[in-house]
Protein chains: 2
Amino acid sequence: MVRLIKHLHKRIHDDANAVLRPWGINHPEYNILMMMYGTEGYTLNPSQLADAAGEKSANITRLTNELCDKGLIERTASDEDRRKITLTLTAEGLTMIESFLPDICALLERQTVGMQARDMVQLERLLKKFLDQFEGD
Amino acid sequence: MVRLIKHLHKRIHDDANAVLRPWGINHPEYNILMMMYGTEGYTLNPSQLADAAGEKSANITRLTNELCDKGLIERTASDEDRRKITLTLTAEGLTMIESFLPDICALLERQTVGMQARDMVQLERLLKKFLDQFEGD
DNA sequence: GGTGTATTGTTCACATATTGATTATTCACA
DNA sequence: TGTGAATAATCAATATGTGAACAATACACC
(Lines give C-alpha, C1' and ligand atoms only; values in the text may rest on other atoms or scores of the structure.)
Protein backbone atom coordinates (compact mmCIF):
# COMPACT_ATOMS: atom_id res chain seq x y z
CA MET A 1 0.00 0.00 0.00
CA VAL A 2 2.76 2.39 0.98
CA ARG A 3 4.69 1.34 -2.09
CA LEU A 4 1.61 1.84 -4.22
CA ILE A 5 1.33 5.44 -3.10
CA LYS A 6 5.02 5.99 -3.62
CA HIS A 7 4.87 4.70 -7.18
CA LEU A 8 1.78 6.68 -7.98
CA HIS A 9 3.27 9.85 -6.61
CA LYS A 10 6.39 9.32 -8.66
CA ARG A 11 4.49 8.69 -11.85
CA ILE A 12 2.28 11.73 -11.45
CA HIS A 13 5.34 13.83 -10.79
CA ASP A 14 7.32 12.49 -13.73
CA ASP A 15 4.46 12.71 -16.21
CA ALA A 16 3.73 16.29 -15.26
CA ASN A 17 7.39 17.16 -15.61
CA ALA A 18 7.46 15.65 -19.08
CA VAL A 19 4.47 17.71 -20.22
CA LEU A 20 5.84 20.90 -18.69
CA ARG A 21 9.39 20.60 -19.99
CA PRO A 22 8.73 22.51 -23.25
CA TRP A 23 7.83 25.54 -21.15
CA GLY A 24 11.00 25.28 -19.10
CA ILE A 25 9.28 24.70 -15.77
CA ASN A 26 8.90 21.67 -13.54
CA HIS A 27 6.12 20.24 -11.43
CA PRO A 28 6.80 22.12 -8.18
CA GLU A 29 7.04 25.40 -10.07
CA TYR A 30 3.82 24.56 -11.87
CA ASN A 31 2.11 23.89 -8.54
CA ILE A 32 3.11 27.28 -7.26
CA LEU A 33 1.91 29.03 -10.39
CA MET A 34 -1.42 27.22 -10.27
CA MET A 35 -2.00 28.05 -6.64
CA MET A 36 -1.45 31.70 -7.37
CA TYR A 37 -3.63 31.41 -10.46
CA GLY A 38 -6.44 30.12 -8.27
CA THR A 39 -6.20 33.02 -5.84
CA GLU A 40 -7.97 36.33 -5.66
CA GLY A 41 -5.58 38.90 -7.16
CA TYR A 42 -3.10 36.14 -8.11
CA THR A 43 -1.36 36.89 -4.84
CA LEU A 44 0.02 34.79 -1.97
CA ASN A 45 2.90 34.93 0.47
CA PRO A 46 5.57 32.26 0.83
CA SER A 47 4.18 30.72 3.99
CA GLN A 48 0.72 30.29 2.48
CA LEU A 49 2.36 28.58 -0.48
CA ALA A 50 4.36 26.33 1.81
CA ASP A 51 1.19 25.21 3.58
CA ALA A 52 -0.78 24.64 0.44
CA ALA A 53 1.97 22.97 -1.52
CA GLY A 54 3.27 20.88 1.35
CA GLU A 55 6.79 22.13 0.72
CA LYS A 56 9.21 23.43 3.31
CA SER A 57 9.49 27.19 3.39
CA ALA A 58 13.18 27.04 2.50
CA ASN A 59 12.16 25.19 -0.62
CA ILE A 60 9.58 27.83 -1.47
CA THR A 61 12.30 30.46 -1.30
CA ARG A 62 14.36 28.58 -3.86
CA LEU A 63 11.41 27.86 -6.16
CA THR A 64 10.08 31.40 -6.09
CA ASN A 65 13.58 32.70 -6.76
CA GLU A 66 13.62 30.72 -9.97
CA LEU A 67 10.16 31.90 -10.93
CA CYS A 68 11.21 35.49 -10.29
CA ASP A 69 14.32 35.03 -12.41
CA LYS A 70 12.09 33.76 -15.20
CA GLY A 71 9.87 36.80 -14.81
CA LEU A 72 6.74 34.77 -14.07
CA ILE A 73 6.07 36.18 -10.61
CA GLU A 74 7.03 39.29 -8.69
CA ARG A 75 8.16 39.80 -5.12
CA THR A 76 7.13 42.89 -3.20
CA ALA A 77 7.36 43.68 0.50
CA SER A 78 4.06 43.60 2.35
CA ASP A 79 2.90 46.87 3.90
CA GLU A 80 0.75 45.52 6.72
CA ASP A 81 3.46 43.19 8.05
CA ARG A 82 7.00 43.98 7.04
CA ARG A 83 8.17 40.43 7.77
CA LYS A 84 6.01 39.22 4.93
CA ILE A 85 6.63 39.12 1.23
CA THR A 86 3.90 39.32 -1.37
CA LEU A 87 4.17 37.17 -4.47
CA THR A 88 2.13 38.11 -7.52
CA LEU A 89 1.76 36.57 -10.95
CA THR A 90 3.09 38.78 -13.72
CA ALA A 91 1.30 39.21 -17.04
CA GLU A 92 3.98 36.98 -18.48
CA GLY A 93 3.22 34.31 -15.87
CA LEU A 94 -0.47 34.48 -16.67
CA THR A 95 0.21 34.10 -20.37
CA MET A 96 2.37 31.07 -19.77
CA ILE A 97 -0.23 29.40 -17.56
CA GLU A 98 -2.87 29.86 -20.19
CA SER A 99 -0.59 28.49 -22.86
CA PHE A 100 0.18 25.22 -21.08
CA LEU A 101 -3.27 24.72 -19.61
CA PRO A 102 -4.62 22.80 -22.62
CA ASP A 103 -1.75 20.33 -22.49
CA ILE A 104 -2.16 19.85 -18.77
CA CYS A 105 -5.86 19.22 -19.20
CA ALA A 106 -5.12 16.67 -21.87
CA LEU A 107 -2.74 14.94 -19.46
CA LEU A 108 -5.35 14.80 -16.72
CA GLU A 109 -7.82 13.52 -19.26
CA ARG A 110 -5.44 10.73 -20.29
CA GLN A 111 -4.83 9.78 -16.69
CA THR A 112 -8.47 9.34 -15.82
CA VAL A 113 -9.97 8.07 -19.03
CA GLY A 114 -10.12 4.48 -17.82
CA MET A 115 -11.66 5.28 -14.46
CA GLN A 116 -15.34 5.62 -13.77
CA ALA A 117 -16.32 8.99 -12.35
CA ARG A 118 -17.74 7.10 -9.41
CA ASP A 119 -14.39 5.46 -8.77
CA MET A 120 -12.60 8.79 -8.75
CA VAL A 121 -15.00 10.21 -6.20
CA GLN A 122 -14.62 7.12 -4.09
CA LEU A 123 -10.83 7.19 -4.35
CA GLU A 124 -10.68 10.81 -3.33
CA ARG A 125 -12.95 10.18 -0.38
CA LEU A 126 -10.85 7.27 0.86
CA LEU A 127 -7.59 9.15 0.40
CA LYS A 128 -8.92 12.03 2.45
CA LYS A 129 -10.07 9.69 5.15
CA PHE A 130 -6.70 7.96 5.19
CA LEU A 131 -4.83 11.25 5.32
CA ASP A 132 -6.96 12.33 8.27
CA GLN A 133 -5.49 9.44 10.26
CA PHE A 134 -2.11 11.09 9.94
CA GLU A 135 -3.04 14.67 10.57
CA GLY A 136 -4.68 13.72 13.79
CA ASP A 137 -1.46 13.26 15.77
CA MET B 1 -6.39 14.73 -5.96
CA VAL B 2 -2.79 15.06 -7.04
CA ARG B 3 -2.09 17.18 -3.98
CA LEU B 4 -3.83 14.63 -1.81
CA ILE B 5 -1.48 11.92 -2.97
CA LYS B 6 1.50 14.19 -2.55
CA HIS B 7 0.57 15.04 1.01
CA LEU B 8 -0.13 11.45 1.88
CA HIS B 9 3.15 10.29 0.42
CA LYS B 10 5.00 12.93 2.37
CA ARG B 11 3.30 12.11 5.63
CA ILE B 12 3.94 8.40 5.33
CA HIS B 13 7.57 9.11 4.54
CA ASP B 14 8.07 11.59 7.38
CA ASP B 15 6.28 9.50 10.00
CA ALA B 16 8.32 6.45 9.13
CA ASN B 17 11.52 8.48 9.31
CA ALA B 18 10.57 9.77 12.74
CA VAL B 19 9.99 6.25 14.07
CA LEU B 20 13.21 4.93 12.53
CA ARG B 21 15.49 7.76 13.63
CA PRO B 22 16.47 6.13 16.96
CA TRP B 23 17.97 3.25 14.99
CA GLY B 24 19.95 5.57 12.76
CA ILE B 25 18.27 4.56 9.52
CA ASN B 26 15.81 6.29 7.23
CA HIS B 27 12.79 5.21 5.23
CA PRO B 28 14.55 4.20 1.99
CA GLU B 29 17.07 2.15 3.95
CA TYR B 30 14.25 0.58 5.90
CA ASN B 31 12.52 -0.36 2.65
CA ILE B 32 15.60 -2.13 1.43
CA LEU B 33 16.05 -4.01 4.68
CA MET B 34 12.42 -5.08 4.69
CA MET B 35 12.53 -6.31 1.12
CA MET B 36 15.50 -8.45 1.95
CA TYR B 37 13.83 -9.60 5.15
CA GLY B 38 10.88 -10.79 3.10
CA THR B 39 13.04 -12.84 0.76
CA GLU B 40 14.13 -16.45 0.80
CA GLY B 41 17.67 -16.48 2.24
CA TYR B 42 17.51 -12.72 2.95
CA THR B 43 19.19 -12.24 -0.39
CA LEU B 44 18.62 -9.97 -3.40
CA ASN B 45 20.68 -8.23 -6.02
CA PRO B 46 20.71 -4.49 -6.64
CA SER B 47 18.56 -4.59 -9.76
CA GLN B 48 15.83 -6.57 -8.03
CA LEU B 49 15.88 -4.00 -5.27
CA ALA B 50 15.69 -1.15 -7.75
CA ASP B 51 12.60 -2.67 -9.37
CA ALA B 52 10.85 -3.42 -6.13
CA ALA B 53 11.66 -0.17 -4.40
CA GLY B 54 11.08 2.03 -7.43
CA GLU B 55 14.48 3.63 -6.96
CA LYS B 56 17.08 4.20 -9.65
CA SER B 57 20.01 1.81 -9.58
CA ALA B 58 22.41 4.65 -8.88
CA ASN B 59 20.42 5.34 -5.77
CA ILE B 60 20.49 1.71 -4.72
CA THR B 61 24.25 1.77 -4.94
CA ARG B 62 24.44 4.67 -2.54
CA LEU B 63 21.87 3.24 -0.12
CA THR B 64 23.44 -0.21 -0.03
CA ASN B 65 26.84 1.36 0.50
CA GLU B 66 25.54 3.00 3.64
CA LEU B 67 23.94 -0.21 4.83
CA CYS B 68 27.21 -2.05 4.23
CA ASP B 69 29.11 0.59 6.16
CA LYS B 70 26.71 0.11 9.03
CA GLY B 71 27.28 -3.63 8.85
CA LEU B 72 23.60 -4.44 8.25
CA ILE B 73 24.05 -6.13 4.88
CA GLU B 74 26.89 -7.78 3.00
CA ARG B 75 27.98 -7.61 -0.60
CA THR B 76 29.38 -10.66 -2.34
CA ALA B 77 30.02 -11.39 -6.00
CA SER B 78 27.62 -13.83 -7.60
CA ASP B 79 29.08 -17.07 -8.94
CA GLU B 80 26.53 -17.88 -11.62
CA ASP B 81 26.75 -14.45 -13.24
CA ARG B 82 29.83 -12.44 -12.46
CA ARG B 83 28.15 -9.16 -13.42
CA LYS B 84 25.81 -9.56 -10.49
CA ILE B 85 26.28 -8.72 -6.86
CA THR B 86 24.54 -10.54 -4.06
CA LEU B 87 23.29 -8.57 -1.09
CA THR B 88 22.58 -10.48 2.11
CA LEU B 89 21.31 -9.41 5.50
CA THR B 90 23.88 -9.86 8.25
CA ALA B 91 23.00 -11.20 11.68
CA GLU B 92 23.33 -7.64 12.87
CA GLY B 93 20.86 -6.47 10.23
CA LEU B 94 18.40 -9.15 11.27
CA THR B 95 18.68 -8.17 14.90
CA MET B 96 18.03 -4.56 14.09
CA ILE B 97 14.98 -5.36 11.98
CA GLU B 98 13.51 -7.40 14.76
CA SER B 99 14.18 -4.66 17.25
CA PHE B 100 12.36 -1.93 15.36
CA LEU B 101 9.56 -4.13 14.04
CA PRO B 102 7.29 -3.59 17.07
CA ASP B 103 7.52 0.18 16.72
CA ILE B 104 6.84 0.00 13.00
CA CYS B 105 3.82 -2.21 13.59
CA ALA B 106 2.53 0.25 16.16
CA LEU B 107 2.90 3.00 13.60
CA LEU B 108 0.95 1.08 10.96
CA GLU B 109 -1.65 0.30 13.58
CA ARG B 110 -2.02 4.00 14.43
CA GLN B 111 -2.31 4.89 10.76
CA THR B 112 -5.14 2.51 10.03
CA VAL B 113 -7.04 2.41 13.28
CA GLY B 114 -9.79 4.69 12.00
CA MET B 115 -10.27 2.90 8.70
CA GLN B 116 -12.53 -0.05 8.12
CA ALA B 117 -10.76 -3.09 6.72
CA ARG B 118 -13.20 -2.89 3.83
CA ASP B 119 -12.13 0.68 3.11
CA MET B 120 -8.47 -0.31 3.01
CA VAL B 121 -9.15 -3.08 0.51
CA GLN B 122 -11.20 -0.71 -1.59
CA LEU B 123 -8.56 2.01 -1.44
CA GLU B 124 -5.84 -0.39 -2.49
CA ARG B 125 -7.95 -1.62 -5.38
CA LEU B 126 -8.65 1.90 -6.64
CA LEU B 127 -5.03 2.97 -6.28
CA LYS B 128 -3.92 0.00 -8.34
CA LYS B 129 -6.49 0.77 -10.97
CA PHE B 130 -5.42 4.40 -11.07
CA LEU B 131 -1.76 3.46 -11.31
CA ASP B 132 -2.54 1.19 -14.25
CA GLN B 133 -3.67 4.25 -16.18
CA PHE B 134 -0.14 5.55 -15.99
CA GLU B 135 1.78 2.39 -16.66
CA GLY B 136 -0.15 1.82 -19.83
CA ASP B 137 1.70 4.50 -21.83
C1' DG C 1 36.34 -18.65 -31.79
C1' DG C 2 35.15 -13.61 -32.81
C1' DT C 3 31.91 -9.76 -33.05
C1' DG C 4 28.12 -6.91 -31.93
C1' DT C 5 24.61 -6.09 -28.51
C1' DA C 6 22.29 -6.29 -23.99
C1' DT C 7 22.67 -6.42 -19.03
C1' DT C 8 24.63 -5.31 -14.37
C1' DG C 9 26.47 -2.31 -11.33
C1' DT C 10 29.28 1.75 -10.42
C1' DT C 11 30.82 6.56 -10.70
C1' DC C 12 30.42 11.38 -11.47
C1' DA C 13 28.01 15.70 -12.19
C1' DC C 14 24.01 17.90 -11.47
C1' DA C 15 19.21 18.81 -9.89
C1' DT C 16 16.18 18.90 -6.13
C1' DA C 17 14.81 18.85 -1.09
C1' DT C 18 15.56 19.31 3.88
C1' DT C 19 17.81 20.90 8.18
C1' DG C 20 19.35 24.17 11.43
C1' DA C 21 21.06 28.69 12.21
C1' DT C 22 20.29 33.59 11.29
C1' DT C 23 17.97 38.08 10.49
C1' DA C 24 14.20 41.09 10.77
C1' DT C 25 9.95 42.00 12.38
C1' DT C 26 5.69 41.64 15.22
C1' DC C 27 3.17 40.78 19.39
C1' DA C 28 2.05 40.10 24.40
C1' DC C 29 2.66 41.94 28.56
C1' DA C 30 4.65 43.91 32.58
C1' DT D 1 8.81 51.86 26.85
C1' DG D 2 11.43 47.55 27.08
C1' DT D 3 11.92 42.67 27.09
C1' DG D 4 11.18 38.02 25.65
C1' DA D 5 8.65 34.79 22.79
C1' DA D 6 6.69 33.90 18.26
C1' DT D 7 6.63 34.37 13.27
C1' DA D 8 8.34 35.18 8.25
C1' DA D 9 11.74 34.55 5.17
C1' DT D 10 16.36 33.47 3.94
C1' DC D 11 20.97 31.21 3.79
C1' DA D 12 24.56 27.71 4.02
C1' DA D 13 25.41 22.98 4.64
C1' DT D 14 23.92 18.58 3.87
C1' DA D 15 21.02 14.87 2.22
C1' DT D 16 18.62 12.73 -1.44
C1' DG D 17 17.38 11.61 -6.29
C1' DT D 18 18.44 11.44 -11.32
C1' DG D 19 20.81 11.01 -15.96
C1' DA D 20 24.72 10.02 -18.77
C1' DA D 21 28.89 7.77 -19.46
C1' DC D 22 31.59 3.81 -18.15
C1' DA D 23 33.72 -0.98 -17.27
C1' DA D 24 32.87 -5.74 -16.86
C1' DT D 25 30.45 -9.63 -18.13
C1' DA D 26 27.08 -12.49 -20.64
C1' DC D 27 24.69 -13.93 -24.69
C1' DA D 28 23.21 -14.58 -29.65
C1' DC D 29 24.78 -15.28 -34.00
C1' DC D 30 27.58 -16.08 -37.83
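Lettering follows sequence order; numbering is per chain, from 1.
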What is the distance from [atom1] of [X] to [atom2] of [N], rounded to the nearest Å?
{"X": "B/Glu80", "N": "D/dT25", "atom1": "CD", "atom2": "P", "result": "15 Å"}
{"X": "A/Asn45", "N": "D/dA8", "atom1": "CG", "atom2": "C1'", "result": "9 Å"}
{"X": "B/Ile85", "N": "D/dA23", "atom1": "CD1", "atom2": "P", "result": "18 Å"}
{"X": "A/Glu29", "N": "C/dA15", "atom1": "CD", "atom2": "P", "result": "13 Å"}
{"X": "B/Asp81", "N": "D/dT25", "atom1": "CG", "atom2": "C1'", "result": "7 Å"}
{"X": "A/Asn17", "N": "C/dA17", "atom1": "CG", "atom2": "C1'", "result": "14 Å"}
{"X": "B/Leu87", "N": "C/dG9", "atom1": "CG", "atom2": "C1'", "result": "10 Å"}
{"X": "B/Leu44", "N": "C/dT8", "atom1": "CG", "atom2": "P", "result": "14 Å"}

Side-chain N or O of [X] less than 4.0 angstrom from OP1 or OP2 on [N]?
{"X": "B/Arg62", "N": "D/dG17", "result": "yes"}
{"X": "B/Lys56", "N": "D/dG19", "result": "yes"}
{"X": "A/Ser47", "N": "D/dA9", "result": "yes"}
{"X": "A/Asn26", "N": "C/dA15", "result": "no"}

- Identify, between A/Ile60 and A/Lys10, the residue whose nearest nucleotide on DNA chain D lies closer to the 5' end. A/Ile60
- Assert: residue with more 5' nearest nucleotide on DNA chain D, out of A/Ala58 and B/Glu66, is A/Ala58
- Query: For B/Lys6 and B/Lys84, take the nucleotide of DNA chain C holding the closest heavy atom to each; which residue's nucleotide lies nearer the 5' end?
  - Reply: B/Lys84
- Assign the ring pair B/His27 / B/His13 to parallel, tilted or perpendicular, where the plane angle (0 to 90°) is split at 30° and 60°. perpendicular
- Item | Touch class at under 4.0 angstrom, heavy-atom based, for A/Ser57 against every strand present | base
Report the nucleotide, chosen from [options], that has the shortest atom-to-atom distance to any side-chain atom of [X].
{"X": "A/Arg83", "options": "D/dT25, D/dA8, C/dT18", "answer": "D/dA8"}
{"X": "B/Asn59", "options": "C/dT26, D/dT10, D/dT18", "answer": "D/dT18"}
{"X": "B/Glu55", "options": "D/dG17, C/dT18, C/dT16", "answer": "D/dG17"}
{"X": "A/Asn65", "options": "D/dA26, C/dG9, D/dC11", "answer": "D/dC11"}

- Between A/Arg62 and A/Asn59, is any side-chain donor less than 3.5 angstrom from a side-chain acceptor? yes
Which pairs would a plain distance check flag for residues 41-53 of chain B, meaning a side-chain donor or acceptor within less than 3.5 Å of a matching protein atom at least two apart in sequence or in another chain?
residue: B/Thr43; atom: OG1; partner: B/Gly41; partner atom: O; Å: 2.8
residue: B/Gln48; atom: OE1; partner: B/Asn45; partner atom: N; Å: 2.9

- Message: Taking A/Glu55 first and then B/Lys10, would you say they form a salt bridge - that is, a charged N and a carboxylate O separated by under 4.0 Å?
- Response: no
- Query: Does the side chain of A/Ile104 come within less than 4.5 Å of A/Leu20's, by heavy atoms?
  - Reply: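 SC-SC contact between A/Leu20 and A/Ile104 confirmed.
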